[in-house]
Amino acid sequence: MQPKLIVPPRLAAGARVALLAPSGPLPEGEGTAEAVANCRQLGLEAVVMPHAGNRWGYLAGSDDERFSDLNDALTDPAIDAVWCLRGGSGLNRIVHRLDFDRFARQPKVVLGYSDITVLLHALRTKTGVVTFHGPIARTPLTPFSQSALKQVVFRPVAAGPLATDPGKPVVTITPGQAQGRLLGGNLTLLQALIGTEYCPDFDGAILFLEDVNEAVYRIDRTLAHLRLTGALRRLAGVAIGRITDVPRYPGDEAFGLEGIWQEYFGGLGVPVASGFPIGHIDSQWTLPLGVMAELDATNGRVSLLGPAVK
């Protein structure tokens, strides 16, 4: 049984935001200055965690170092939000060690995407606290991304559609409207959660998806696995974001992403659309996991039906 939904306090000017890298390391020659600048632009106080710039192979420091930064930030009452510096890989090595009970007693905004999908769902599934799929801290915030972030985590959202990116049309796959809990994130990481205690219950959900650097056959295989587990059986709707930097392989032309979407979602009898501003892109939404939403696949809109913060 899913725990009762808990909305964290909204962010306001002067809120203290922990910056950390719980998965992969920052790129060579890049520090946290960009993230600190983003915080200042939003009127927030940046708190760089001690091991944020560490590197251990393809990880941002040892498991103990990354866990220490993350757990301390999640449970410190003086920290108002946790904003991840990048994704990468490695959260599933440490997520089981987190103090979920202490986090639930003083919930806060947790923001990121890609590998951070693991953290967002673990926190929400174990505690009921709404978490946020959105920009990572070190990338420049476009006006679109900044506006979307403010709309969702700086103030309660009135019922109504999220802003769309006029330069990127949404494609209707199956028309219609549906309501459900908003759940999703990086497709590869959602598959990695299957069979764990942190995997969300997708029944009745509006599922949103994104991914990067994944070939068509790998996306096909991942969705086939989700279908075999029954995760796709009782969805309310599907909002597909951007699948970017897709490597090409012989035979791709026989399917293409459009064919994959039809194969796995076209026969579900629920609204489906693709091309939403979600994923490894400059301008993206901030989406609250667990909040009720409405998908209008006919007109390419997603609306939040309840507040994500209080």
Side-chain angles (χ1 to χ4, degrees), residues 6-23 26-27 30-50 52-53 60 69-70 72-87 103 106-117 119-120 123-124 129-158 160-165 182 185 210 241 276-289 291 302 304 307-310:
I6 300 171
V7 294
R10 73 186 78 174
L11 296 186
R16 302 181 79 243
V17 178
L19 302 174
L20 49 83
S23 303
L26 299 181
E30 186 173 326
T32 57
E34 297 85 357
V36 172
N38 280 339
C39 287
R40 288 175 179 163
Q41 187 178 19
L42 294 166
L44 307 172
E45 179 184 346
V47 179
V48 180
M49 298 303 287
D69 278 2
L70 179 57
D72 287 352
L74 290 172
T75 59
D76 185 347
I79 295 294
D80 301 303
V82 174
W83 199 356
C84 297
L85 289 161
R86 69 156 294 187
F103 172 74
Q106 291 187 305
K108 62 195 65 177
V109 168
V110 180
L111 177 66
Y113 75 105
S114 196
D115 196 58
I116 311 305
T117 296
L119 175 64
L120 301 180
L123 293 173
R124 196 204 63 82
V129 174
V130 174
T131 53
F132 299 87
H133 184 282
I136 57 174
R138 66 181 175 84
T139 56
L141 293 177
T142 67
F144 182 95
S145 291
Q146 185 175 138
S147 176
L149 178 63
K150 288 181 175 179
Q151 180 185 8
V152 175
V153 301
F154 280 75
R155 57 184 179 271
V157 179
L162 297 171
T164 54
D165 187 345
L182 196 58
E210 65 86 22
F276 290 100
I278 309 166
H280 290 67
I281 53 177
D282 293 333
S283 295
Q284 61 176 287
W285 280 337
T286 295
L287 297 176
L289 299 187
V291 169
V302 172
L304 301 184
V309 290
K310 61 185 177 181

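The first residue in the sequence is number 1, and the count goes up from there. Note that these values count all heavy atoms, side chains included, but never hydrogens, waters or copies made by symmetry.
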Open item on the list: Please check this pair: side chain of R10 against backbone of V309, looking for a donor-acceptor N/O pair closer than 3.5 Å.
Closed with: no
Gap between atom [atom2] of [Y] and atom [atom1] of [X] - 0.5 Å precision:
X	Y	atom1	atom2	value
T286	Q151	OG1	CD	9.5 Å
I6	L123	CD1	CG	11.5 Å
I281	E210	CD1	CD	8.5 Å
E34	L19	CD	CG	11.0 Å

Task: Listed partners of T142 passing side chain to side chain contact (heavy atoms under 4.5 Å, CB included), at least two apart - done: F144, S145, D282, S283
Of all heavy-atom pairs between [X] and [Y], which one has the smallest distance, and what is that distance?
X	Y	answer
P8	F132	CG-CE1, 3.9 Å
L120	G112	CD1-O, 3.5 Å
L289	R124	O-CD, 3.4 Å
R138	L26	CD-CD2, 3.8 Å

Would you call [X] and [Y] a side-chain contact if the rule is heavy atoms closer than 4.5 Å?
X	Y	answer
P22	D69	no
V152	L287	no
D80	P9	no
Q284	P135	yes
L119	T131	no
D72	I79	no
H280	Y113	yes
L149	L111	yes

Task: Test side chain to side chain donor-acceptor pair (under 3.5 Å) applied to D115 - qualifying residues, sequence neighbours left out - done: S23
Open item on the list: Evaluate V110 against F103 for side chain to side chain contact (heavy atoms under 4.5 Å, CB included), listing each step before the verdict.
Closed with: CA-CA 11 Å; V110 180; F103 172 74; 4.0 Å; yes
Identify every side-chain donor-acceptor pair in residues 37-50 under 3.5 Å, counting partners at least two apart or on other chains, and give the distances.
from : atom 1 : to   : atom 2 : distance (Å)
N38  : ND2    : A137 : O      : 2.7
N38  : ND2    : T139 : O      : 2.8

